[in-house]
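The block underneath contains the structure these notes are about, expressed in structure tokens.
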Amino acid sequence: MRRFSLSQRLTLLFILLMMLCATVACAVQLYSSMQYGNAMVQRLSGGLAQQIVQREAILNAQGRVDRNALKPLFDRLMTFNPSVELYVVSPDGDILADAAPPGHIQRQSIDLAPVQEFLSGAAMPVFGDDPRSQNKKVFSATPLRQDGELKGYLYIVLQGEESNALAQMAWHKALWSTLLWSLLWVALFGLLAGLLVWYWVTRPVKRLTEEVAGLDQDSISTIKQLAAQPLEVAAQDEVALLRNSFIELARKITSQWDQLADSDRQRREFIANISHDLRTPLTSLLGYLETLSLKSATLTPQEHQQYLATALRQGQKVRHLSQQLFELARLEHGGIKPQRERFAMGELISDVAQKFELTARTRELQLQIDVPGPLPLVYADVSMIERVVTNLLDNAMRHTPTGGEIRLAVWQENQQLQVEVADSGTGVDAALRDDLFQRPSALTTQASRENRGGLGLLIVKRMLELHGGGIRLMESVSGARFRFFVPL
């Protein structure tokens with residue numbers, strides 16, 4: 001079965017609707033014309049029966065109806081006005097006299113209710129029984145009385161058989177003429193509607209279809225081309241709004257595609273970078289172990305101990321890096337969920353600071369803790385927040401020279417607890433600030449990656465994000481100043 005296009009279906013729908021409207025309009029017009037014609041005939045000839053009774057004797061001297069005497073009168077009157085048919089009916093509605101040819105009478109009585117309605121002055125047209133058919137027609141009627149006694153009615157059908165035949169011919173002619181003109185106008189308006197549908201609906205839809213038609217062959221380039229199209233600012237019709245929606249959707253897909261491509265690029269760089277970071281200590285570890293294996297007999301005890309200590313340090317470095325990688329992977333892929341509970345942030349900071357007191361005294365560092373009066377309890381994972389503070393404090397210890405100062409502070413700000421770790425070290429190089437909490441790039445040197453804290457800061461950021469918090473590097477005259485927050 002052939003499938004029609006959108007414009008063809010809409011045009012066909014318009015034509016069908018207009019044909020239906022034209023048919024209904026024609027039917028209403030013809031019905032109204034017939035009703036109007038019947039009303040006019042009845043109004044003009046409504047007094048005909050009364051005038052005939054006044055001029056002609058319908059009843060004989062005994063007050064009876066003489067059919068043979070009335071037939072010449074009826075024939076003469078119908079000769080003057082061929083459209084009428086005259087009848088005399090009894091007070092019960094039975095037909096007493098007529099001028100119809102033999103075999104033409106189909107009713108021997110009529111319903112007198114319409115006659116009474118007509119005589120009472122009801123609104124015209126009033127339809128009564130036609131003795132020559134089963135139809136109802138307009139009529140004129142008047143009572144026949146003698147000495148005040150009702151003897152019957154003179155009943156005149158105003159549109160007889162001959163009148164109906166002529167009217168039927170004229171009606172058919174008018175019907176076909178109206179039908180042909182209606183079809184002609186429907187065709188013209190249908191063609192016009194088809195052109196308007198093509199211009200206003202089909203053409204924009206077809207253009208939009210052509211713009212997205214290349215999705216099967218080269219989807220992303222087609223989407224990017226669609227995303228580059230300008231939006232119609234003053235769009236009002238549905239097709240223009242649909243095109244704007246497609247363009248906005250294409251822009252979102254393009255943005256997400258670029259983010260995925262950038263994320264994939266960072267992942268590849270991250271893997272290459274981590275592979276390099278792992279290869280360096282592993283190479284050193286294997287080199288020292290191989291030296292111990294090949295030259296164990298010639299090495300002095302001091303050299304033997306030195307090689308073992310170096311190999312142990314490289315192994316610990318590999319283990320620490322692999323642990324960080326595993327932890328970061330679990331954080332990024334939802335493998336770790338915060339086990340939230342209420343606890344005091346000030347006490348947690350004090351406990352973490354105690355673990356670094358020995359290191360601080362050994363390196364002659366001043367460790368200051370600033371925890372104001374009672375603070376509200378924070379609802380978070382104790383172990384994760386402890387890990388965050390430990391990592392930041394450990395970085396501060398490693399980058400602060402002997403005799404330097406490290407400060408920890410906590411305070412409430414709106415519905416957040418702010419925690420700051422500041423040191424008096426060398427600070428963070430300006431070139432590393434923008435990517436400080438991002439995955440290290442393969443273009444970043446080994447020394448720069450170590451200066452930025454390795455994967456520790458990235459793990460800290462992921463842990464805080466799981467709590468709805470965040471971390472940033474604050475501007476500082478000297479040293480580095482990290483500040484993070486946790487919602488209450």
Side-chain angles (χ1 to χ4, degrees), residues 266-331 352-365 367 383 386-404 406 421 423-429 431-432 435-436 438-460 462 479-480:
Q266 292 181 7
R267 180 185 59 81
R268 291 194 300 268
E269 292 182 354
F270 180 70
I271 292 175
N273 174 54
I274 295 302
S275 300
H276 180 271
D277 289 349
L278 286 173
R279 183 170 62 250
T280 301
L282 280 175
T283 302
S284 177
L285 173 63
L286 291 175
Y288 279 102
L289 291 177
E290 186 177 1
T291 301
L292 287 172
S293 175
L294 296 176
K295 298 182 179 181
S296 59
T298 60
L299 293 176
T300 63
Q302 292 79 9
E303 291 176 335
H304 192 275
Q305 187 64 30
Q306 179 184 358
Y307 287 178
L308 282 177
T310 303
L312 181 61
R313 286 196 306 271
Q314 298 300 325
Q316 291 175 344
K317 188 174 182 179
V318 172
R319 182 184 65 181
H320 179 67
L321 185 58
S322 61
Q323 288 176 344
Q324 286 185 324
L325 285 172
F326 180 69
E327 186 175 14
L328 180 61
R330 294 182 64 194
L331 286 171
V352 174
Q354 287 180 358
K355 296 189 298 183
F356 288 89
E357 284 184 354
L358 180 59
T359 304
R361 285 197 300 268
T362 302
R363 299 185 58 186
E364 299 179 358
L365 301 177
L367 186 58
S383 60
E386 181 182 4
R387 175 69 183 279
V388 170
V389 178
T390 300
N391 189 288
L392 294 176
L393 192 54
D394 180 68
N395 284 344
M397 288 283 182
R398 289 189 291 105
H399 294 90
T400 303
T402 302
I406 299 175
V421 179
D423 62 65
S424 59
T426 57
V428 180
D429 189 81
L432 301 176
D435 299 328
L436 193 60
Q438 302 296 327
R439 287 176 175 173
S441 170
L443 301 177
T444 309
T445 62
Q446 176 71 18
S448 298
R449 291 196 297 268
E450 291 178 354
N451 289 336
R452 69 190 297 275
L455 298 177
L457 291 178
L458 188 57
I459 293 174
V460 164
R462 295 290 188 268

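Computed from a predicted model, the values in this text were never measured in an experiment.
Of the inter-residue distances, the one linking I459 atom CD1 with R462 atom CZ reads 10.0 Å to the nearest 0.5 angstrom. Remark: T390 OG1 to M397 CE distance equals 11.0 Å, nearest 0.5 Å. Of the inter-residue distances, the one linking L365 atom CG with S424 atom OG reads 7.5 Å to the nearest 0.5 angstrom. The line from OG1 of T310 to CG of L285 is 10.5 Å long, rounded to the nearest 0.5 Å. Rounding to the nearest 0.5 angstrom, the gap separating the CG atom in L392 from the CD1 atom in I406 is 11.5 Å. To the nearest 0.5 Å, atom CD of residue E357 and atom NZ of residue K355 are 12.0 Å apart.
The number of heavy-atom neighbours closer than 6.0 Å to CD of Q354, taken from other residues, nucleotides and ligands shown, is above 12.
Side-chain contact between N395 and L457 is present, with at least one heavy-atom pair separated by less than 4.5 Å. Side-chain contact between L393 and V352 is present, with heavy atoms from C-beta onward closer than 4.5 Å.
Closest approach of G425 and P401 over heavy atoms only: CA-CD, 3.7 Å.
Looking only at distances, a side-chain donor or acceptor of D423 sits under 3.5 Å from a matching main-chain atom of A480.
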Name the atoms and distances for all side-chain donor-acceptor pairs under 3.5 Å in residues 299-307, with sequence neighbours left out.
| residue | atom | partner | partner atom | Å |
| --- | --- | --- | --- | --- |
| T300 | OG1 | E303 | N | 3.1 |
| E303 | OE1 | T300 | N | 3.3 |

